[in-house]
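First comes the structure, then the notes that go with it.
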Amino acid sequence: MNIFADFQKVVEAAVAQLVEQGKLPAGLDMSKVTAEPPRDATHGDISTNVAMVLAKPAGTNPRALAALLEPVLAAHADVGKVSVAGPGFINLTLKPAIWPRALAAVLGQKDAYGSSKLGQGEKVNVEYVSANPTGPLHVGHCRGAVFGDALASLLAFSGYEVTKEYYINDAGAQVDVLAQSAFLRYREALGEQVGEIPSGLYPGDYLKPVGAALAKEHGNSLLSRNDWLPLVRDKAISMMMDMIRDDLAALAIKQEVFFSEKSLQTSGAVAGALAALEKAGHIYVGKLPPPKGETPPDWEDREQTLFRASAFGDDTDRALKKSDGSFTYFASDVAYAENKIARGFGQLIYVLGADHGGYVKRLQAVASAFSGGKVQVDVKLCQLVKLFRNGEPVKMSKRAGEFVTLRDVVDEVGADVVRFMMLYRKNEAPLDFDFAKVTEQSKDNPVFYVQYAHARICSVLRNAPANLSGTPDFALLTDEAEVALIRKIVEFPRAIEAAALAHEPHRIAFYLYELASEFHSLWNRGKELPQLRFILEGQDNVTLTRLAFLTAIRYCLANGLRVLGVTPVEEM
RNA sequence: GCACCCGUAGCUCAGCUGGAUCAGAGCGCUGCCCUCCGAAGGCAGAGGUCAGGGGUUCGAAUCCCUUCGGGUGCGCCA
């Protein structure tokens, strides 16, 4: 039950009724009409802008239109009072009976409270992480990983059919370097002294097991073969991907599709995709102008095979083949997009690092070219995470292989903390992550604060006497703090829906923080006003009511946390 | 030079896709609240020309233009 969505329909019906009576013209655009909680709760329970939005197209003014709508809305069974305020807001105060019904609905829906059919089963592809399979994930990958995963589960919760996907970059030069690095470790495993790993190769110890595995599998037979590279490469990639999957599992992330870039090339999909574009007239051979301003010193003016991305909103056309005729990385992306679209996705979401900003338009251009503009592409760019330890920035040197791995962070502070903190900020805002702060058990730490609210509720429920008699009666919840919480509970589905539509999971994190805050506030009122406590001896009806009330709050907290992939803990 | 992101309180950031006593939260600062289900909390005070300027309309922190300031990226790397 989402009373705001419900009342939006009520408002629309009221307009339709007036149209039918000939008091309003037909064909009014309802898309900007909203029904939302008013900023100030004293204005009522639901506020709609219908009169202001429709006044002009209806050829009247907001106050007059509001006056027309007022009696129609007042006739609704759940509406207690209608008032017109300000420039033409219509405020509805609902009859008190609606709240017990709303709370009862929450208790009935349990774990499903907040879920919806918003997406109507539309197929959505969320691609995230997609780190090169050349080593373990590092902190930089954390944010995109968590963000993508939370967004995927948010969309699934909202009625979309979501596929979580990882694109394996197993076709470029970097995996040959990986193979060479692994081969060195192989020789090392056979007893050779390899010394310092030459620069340009991957120095990390994590390739030692790959070398050992190769030695175990092949003995020294690879040394005498000159075709060892593909074999070593495949083994190394496979072991790196196992490691990456393990890293992701530590963050409770499990993607279902791991899509190989190489498979696109070997299967001919890349050539096929280019042929399709060619046929549609989106490809030509030509020269790109050098970038404005400083011309790169190594600039050579050469002909390339180009995609007419500029026809689809990109700044310039994009190279599909290098000057030597081989495919660019982007060509694989083109084939990959074609593949995704062929699989029937209506929306493609890419979660990328902020350094891929220049890539957004060409991805949209490709999808547009293949789908005729029908498939939507949303690229979510995640800004950098800055690590701190007690206020001091953590230094990382990539050259020396001294980067902080994702695993290091998760091992130190726990998956729940990492996940919540990564989501407690808009994706396009940079994020500071201080090891000391995020593990602190105080209200300064939002993860803790929200979890604490949930644990406190569980604590009360544990302490409740078993043999209460009577029935809950939500009409007994009349204190302002209680009423505020009921409103907040009722808002939950709306918060989820808004977050899903905007592809912004951080909104849920903020909602949960606010909900927790209202709860802690009510709790403390119980210190000053003992009659507000949850468990009251000898007043079973009140106690039962408040326990049911707490349970409803708990569903909001737990369901919201679950969407974010954070465990709702019962004790701390 | 071009494109994208950002600019809100001393600090870190929200602001529900244009709404109303709307300028908010947390930290920090000042002062309060445990005989009581978890004080691991809560309440109150001080603090901002929403970077500057213009425009769009009933209405702008939010949309458009522009200036300034910060970040990222910019043919064949992946």
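Reminder, nothing fancy here: chain letters follow the sequence lines and each chain counts from 1.
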Self-check item: Distance-only donor-acceptor test (3.5 Å): side chain A/Ser332, base B/A78
Solution: no
Exercise. Give one of base, sugar-phosphate or nothing for A/Phe510, where a contact means two heavy atoms less than 4.0 Å apart.
Key: sugar-phosphate
Quiz item: Base, sugar-phosphate alone, or nothing: which one does A/Lys426 contact when heavy atoms must sit under 4.0 Å apart?
Solution: sugar-phosphate
Practice problem: May I ask which nucleotide in the shown strands pairs with B/A44, Watson-Crick or G-U wobble, both distances under 3.5 Å? | Solution: B/U30
Practice problem: Once you apply the 3.5 Å cut-off to both distances, tell me the Watson-Crick or G-U wobble partner of B/A14, or none. | Solution: none
Quiz item: Closest nucleotide of RNA chain B for A/Thr328 versus for A/Ala516: which of these residues is on the 5' side?
Solution: A/Ala516
Quiz item: Which residue, A/Leu522 or A/Asp324, contacts RNA chain B at a nucleotide closer to its 5' end, judged by nearest heavy atom?
Solution: A/Leu522
Exercise. Give A/Ser47 one of three labels, base, sugar-phosphate or nothing, depending on what nucleic acid heavy atoms sit under 4.0 Å from its own.
Key: base
Quiz prompt | Nearest-Å distance once atom C1' is located in both B/U8 and B/C13 | solution = 9 Å
Self-check item: Nucleotide nearest A/His520 when distance is taken to its side chain, options B/U12, B/G42, B/C4
Solution: B/G42
Self-check item: Proximity to the side chain of A/Phe534 - top-ranked nucleotide from B/C37, B/G15, B/A20
Solution: B/C37
Quiz prompt | Per A/Asn524 side chain, nearest of listed nucleotides B/G75, B/G42, B/A3 | solution = B/G42
Practice problem: Find out whether the Lys NZ or Arg CZ of A/Arg362 is both under 6.0 angstrom from the six-membered ring centre of A/Tyr359 and within 45° of the ring's axis. | Solution: yes
Exercise. Verify whether the ring centers belonging to A/Tyr424 and A/Phe510 lie closer than 6.0 Å.
Key: yes
Practice problem: Counting heavy atoms from C-beta on, name the nucleotide in B/C37, B/C13, B/U17 closest to the side chain of A/Arg425. | Solution: B/C13
Quiz item: Counting only Watson-Crick or G-U wobble pairs whose two distances fall under 3.5 Å, which nucleotide matches B/C50?
Solution: none
Quiz item: If we take the P atom in both B/U12 and B/A51, what is their distance in whole Å?
Solution: 15 Å
Exercise. Assess A/Arg389 against A/Phe435: is NZ or CZ under 6.0 Å from the centre of the six-membered ring, and within 45 degrees of the ring's axis?
Key: yes
Exercise. Identify the two heavy atoms, one from A/Leu381 and one from A/Ala354, that lie closest to each other, and give their separation to 0.1 Å.
Key: CB-CA, 4.2 Å
Quiz item: What's the closest nucleotide to the A/Arg456 side chain, out of B/C77, B/A39, B/A78?
Solution: B/A39
Self-check item: Base paired to B/A3 (Watson-Crick or G-U; both N/O distances under 3.5 angstrom)
Solution: B/U72
Practice problem: Using the aromatic ring of A/Phe89 (for Trp, its six-membered ring), decide whether it stacks on the base of B/A20 within the limits of 5.5 Å and 30°. | Solution: yes
Self-check item: Nearest listed nucleotide, side chain of A/Ala502, among B/U17, B/A3, B/C76
Solution: B/U17
Practice problem: Can you see which heavy atom on A/Met422 is nearest to which on A/Cys142, and at what distance? | Solution: CE-CB, 4.1 Å
Quiz item: Looking at B/C43, B/C37, B/C76, which one has an atom nearest to any side-chain atom of A/Ser521?
Solution: B/C43
Self-check item: Base orientation of B/C34, syn vs anti, 90° cut from 0
Solution: syn
Exercise. Taking syn as within 90° of 0 and anti otherwise, name the glycosidic form of B/U67.
Key: anti
Practice problem: Cation-pi check, A/Arg318 to A/Phe330: give yes when NZ or CZ is under 6.0 Å from the six-membered ring centre and within 45° of the ring axis, no otherwise. | Solution: no
Exercise. Indicate, with a heavy-atom threshold strictly under 4.0 Å, whether A/Tyr449 touches base, sugar-phosphate, or nothing.
Key: sugar-phosphate
Self-check item: Selection from B/C16, B/A78, B/G73 that lies nearest to any side-chain heavy atom of A/Asp355
Solution: B/G73
Quiz item: Counting only distance, no hydrogens or angles, is the base of B/A3 paired donor-acceptor with the side chain of A/Asp314 under 3.5 Å?
Solution: no
Practice problem: Return the nearest nucleotide to the side chain of A/Gln304; candidates are B/G19, B/C76, B/C4. | Solution: B/C76
Practice problem: Consider the side chain of A/Lys322, meaning its heavy atoms from C-beta on, and name the nucleotide among B/A78, B/G15, B/G75 that approaches it most closely. | Solution: B/A78
Exercise. Check whether any side-chain N or O of A/His520 sits under 3.5 Å from a backbone N or O of A/Ser517 as a donor-acceptor pair, and report yes or no.
Key: no
